[in-house]
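Just so it is clear: chains get the letters A, B, ... in the order the sequence lines come, proteins before strands, and each one is counted from 1.
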Amino acid sequence: MSYLNSQDIHKLRNRILSISGEDVSKCIQCGKCTAGCPISPEMDLQPNQVLRLIQINDEDALLRCSTIWICASCQTCSVRCPEEIDIAKIMDSLRKLALEAKIPVGEEKVVKFDEIFLDSIRKRGRVHELELVMKYNLALRQPFKDAHLGPVMFTRGKLGILGHKIKEVGKIKEIFKNSRRIKQME
Amino acid sequence: MTESSHDENIELMTYSEIVEVKGFVGNFDVTIRKKPRYVDLTKCTGCGLCTEKCPAKVPSEWNLGMGLRKAIYKPFGQAVPNVPVIDKEHCTFFTKGKCKVCQKLCPAGAVDYEQQEEVVTKKFGAIIVATGFTQFDPSVYGEYGAGKFKDVITGLHLERMLDTSGPTGGHVVRPSDQKEPKNIVFIQCVGSRDESKGHPYCSRICCMYTAKQAILLKDHFPETQSYIFYIDIRAGGKNYEEFVKRAQREYGAIYIRGRVSKIYETNGNLIVRGVDTLTGKQVEIEADLVVLATAIVPQPDAIELAKVLNIPYDQYGFYSEAHPKLQPVESVTKGIFLTGSCQFPKDIPDSVATTGAASVRTCEILSKDELILDPKIAFVNPDICSGCLNCVEVCPFNAIESTVVDGRTVAQVIPTLCHGCGNCASTCRTSAVNVSGFTDDQIYAQVASVFEILKKESLLELSE
Amino acid sequence: MQVGYYPGCSLESSAREFDLSIRAVFEKMEISLREIPDWNCCGASPAHYLNEELAMALPYRNLVKAEEAGLDRVISPCPACYSHLKHTHEEVIKDSGLGDRLRTIVGKEYQGRTVSKHLLDFIKEDIGLDRLKSSMKSTLNGLKVASYYGCLTRLPGVDIDDKENPILMDDIIGALGGEPLDWSYKTECCGASLSVSRTEIALRLVKAILEAAKVRGAECIAVVCPLCQSNLDTRQGDINKKFRTSYIVPILYLSQLIGLTQKLGFTQLGLNRLIISPNEILLQKGIIEK
């Protein structure tokens, strides 16, 4: 059940507006976003339902869903939306709100992957793909996932055993330190 | 239409266009260009022999490119007058100097290649604009494939196919292979209710005509199954809601609430991918034919005509009414009336009603020798007027003109056109133009008395 | 001609052949590529997923580095890198407050002078199809190519082609003597990074793309994105196993196809690195000799 009350019915809509610049009150729920979403079959909440829950300030379901994490940011929804709402951007904003809320996220695997990815950048300035995949598999306790691809990737020279470290890697560490997850509005 | 061509009080000027409109309500001078049809109206009997024998064939505009017409042709069977016109761009004689079959065969000797255009200027008391609408071009939706996939058509195409006197003799077929379609998908709101394509409004008639088409299809071709993707069903007329329900209950039309995202094409088959927001799932339908209910948009030359008539129009090109609720058939310019979809998309009952209303309002003007006007209009004091004519520039209604008084150029208000907006009064540097009841002196007096009251109530400390 | 080059992380490892073929082809056309000195990762998807300011700061540093090195034009072969660079540049131009903030985070100021290009618009506008054709020593002999763009045309900041029915790659394939096929899956999503974290989704999506190409009669699929190439190429085996299909569709980079018409070497173009070998089809069409 969604409990709606006048005090905060616009709260989430306003928050998303201030973070992303996108106004979900424009949405008339035509569903074109869901219709074109390539990941729709695997989503627990459909894209139009995500926007609906923002409209009625139903935060709980939103921040726990897996939808916002398995969104591939392919931008199909944003480009076809008749109200020109950048839905992919709203998904980005919801991800950040979910992390900010420090609740169990709907798709641990994706967050884990992204965190290891970013960690690689922080330490080297660039992503070391082999290390990324290995660390990810270890973290998820599936050390042999995609191992069957290992040999063929190796023989084709696609593995890049040694990663690269840029000269100004210290600068990169600083950039990470100074960056805020959600930028402050003026 | 035929009645109008026989009425002794109506002069029908077809194949003509308005070139210039001067004057004002009750006294319009309208210049009309009567284009040459190269057939003498007074001699032609409408036998149709010329059309039958003409060798030049052109895709038919009336049938939206389905089927052909001749270079000498009537646009459609019931056209008024029952006289053909020669399409100069495609006529073998006009383009190559040969043929002349129509002239040779015409039993009334009505074909006249020398016919010239005629320009006439006549006086009219009022003008009614009924220039209608056209269809939005759906090919801007790359995801729908209109214009690319032959079997993606518009509602108007289907209408032509359903017409027994149409290009397919009433048979609905796939344009790609002429086979009869089984699964037909209708998509509502193509162009309408869409900010991104510049037409955020509802085109009003499409929900109803789609329901009608679904009913006709099932009635004529029981093997067909219609699927209709909609966002909302707009059925706000007498018996309209019941009609749509019939389409669903008695004619098996499946209504799916959601937009279509893309139409795919594999091996000549169309796959429509949309959504059913009520079940929360994507839906995919293999369609033999896809019918797009395209938005109603103003004619491509609507704005050009508006400028000739000097009537305002809105951001879409629809002509502006004087008041959206209380004066729906009057344009802002006095003496010019609007009816039908040139003002905004309308269905048949509303078009008939607004035409009746516009006609009656016209009679109001034509039946009197004098017009009663709102007294709150502008007036010029020629003694103070410097003749700078800035007021003429800023008047949105062309209601001020320059004139000569005592050898001096001064401004003069045309009372019948003035709306009392006050643009001229606020522009005038010498206070020569004022609006009756709102002269500068009267306004200053009002302000002064307000300050007096404030001073009295010690609400305002004025420095002495 | 000299132009800045931003290879991005993938082109250094799993998409090495994209980098090799671009360098080889550009060298052939006497265009000198200068890498942005000490460039960093653009942040790809994870940055904009998890951290707003980081997502712009990482590309911002690259823009600064490019400007410092005097590179007024920079080609980024990877659509994500291209989008991030271009979009960050545009946002900074629009919003000086954002520019100030990024300057504070990165420690240096970007003046706004770098023009970002992708391979496709660089070839169309800066090189031109005529000059491309004049560098050809052979043709693709009517090779039936399905051009696959992925989400490139829709990414933030990207406005190089029609978003629903792009044709830049098709035009280039046509100029190279190949037969560009019109198909409905040009811009369908390949699953992107879900290939690692939710493999089954990527498999479903890639299968649909392969099937559409196959039904259309494609002899290969041309791509301009390292992630698309990886998903379409490396996962064919997994797809065949899961869905009991038998796809063998070579997935080639556009730059490799260009290189073939310039008679550059099989290894030089990194064609030996593709998982699904293009050997057979290229021999069959007479594009390469034994």
Side-chain angles (χ1 to χ4, degrees), chain A residues 1-2 17 21-56 58 61-62 64-68 70-91 106, chain B residues 136 138 140-146 185-203 206-207 227-234 255-264 270-285 287 290 292-295:
Chain A
M1 167 110 74
S2 297
L17 179 59
E22 298 300 314
D23 183 4
V24 300
S25 26
K26 296 202 283 190
C27 171
I28 58 159
Q29 293 290 307
C30 75
K32 197 164 179 182
C33 48
T34 302
C37 176
I39 321 287
S40 159
E42 283 89 3
M43 286 176 164
D44 51 1
L45 286 176
Q46 297 300 316
N48 71 290
Q49 292 175 331
V50 167
L51 260 68
R52 185 67 193 143
L53 290 170
I54 300 173
Q55 285 179 332
I56 58 172
D58 198 333
L62 271 175
R64 281 164 218 279
C65 73
S66 73
T67 295
I68 58 181
I70 61 175
C71 161
S73 296
C74 75
Q75 308 282 128
T76 304
C77 51
S78 304
V79 146
R80 290 187 190 154
C81 175
E83 295 296 317
E84 297 183 311
I85 301 171
D86 191 342
I87 298 149
K89 198 159 178 209
I90 293 176
M91 295 288 175
Chain B
F136 168 81
V140 299
Y141 286 102
E143 61 265 41
Y144 290 160
V185 169
F186 291 86
I187 304 178
Q188 307 274 194
C189 308
V190 176
S192 307
R193 305 186 68 188
D194 192 329
E195 283 277 355
S196 70
K197 301 288 185 267
H199 302 281
Y201 54 85
C202 165
S203 291
C206 336
C207 284
Y227 300 91
I228 301 169
F229 283 92
Y230 73 99
I231 310 173
D232 297 286
I233 293 297
R234 305 271 157 98
Y255 274 76
I256 303 170
R257 204 256 165 213
R259 277 199 195 261
V260 165
S261 182
K262 185 169 169 170
I263 300 175
Y264 300 79
L270 296 176
I271 313 280
V272 175
R273 189 177 292 172
V275 65
D276 185 336
T277 59
L278 302 179
T279 62
K281 290 201 198 135
Q282 283 180 334
V283 298
E284 217 172 77
I285 305 176
V290 177
L292 306 177
T294 49

- [ ] Just give me the residue among B:G280, B:G258, B:P200 that pairs up with chain A most often, heavy atom to heavy atom, under 4.5 Å.
- [x] B:G280
Task: Closest non-hydrogen atom pair between A:K26 and A:I85, with its separation - done: CB-CD1, 4.0 Å
Open item on the list: Please find the pair of heavy atoms, one from A:L45 and one from A:T67, that lie closest to each other, and give the distance.
Closed with: O-OG1, 2.6 Å
Open item on the list: Need one label for A:E83: side chain, backbone, both or neither, based on atoms under 4.5 Å from any heavy atom in chain B.
Closed with: both
TODO: Please look at B:Y230 and chain A and tell me whether the side chain, the backbone, both or neither of the residue comes under 4.5 angstrom of a heavy atom of that chain.
DONE: neither
Task: Neighbour count >12 (heavy atoms, 6.0 Å) for atom NZ, B:K197 - done: yes
- [ ] Could you tell me which portion of A:C81 (side chain, backbone, both or neither) has an atom closer than 4.5 angstrom to a non-hydrogen atom of chain B?
- [x] backbone
Open item on the list: So for A:I28, is it side chain, backbone, both, or neither that comes closer than 4.5 Å to the heavy atoms of chain B?
Closed with: both
Task: Per-residue contact mode, B:R257 against chain A (heavy atom under 4.5 angstrom) - done: side chain
Task: Residues A:D58 and A:R52 bridged, charged N to O under 4.0 Å - done: no
- [ ] Could you tell me whether B:R259 and B:E143 have a side-chain N and a carboxylate O separated by less than 4.0 Å?
- [x] no
Open item on the list: Quick one about B:Y141 and B:D194 (side-chain donor to acceptor, distance below 3.5 Å, no hydrogens or angles considered), yes or no?
Closed with: yes
Task: Interchain contact, B:V283 with chain A, by part (heavy-atom threshold 4.5 Å) - done: neither
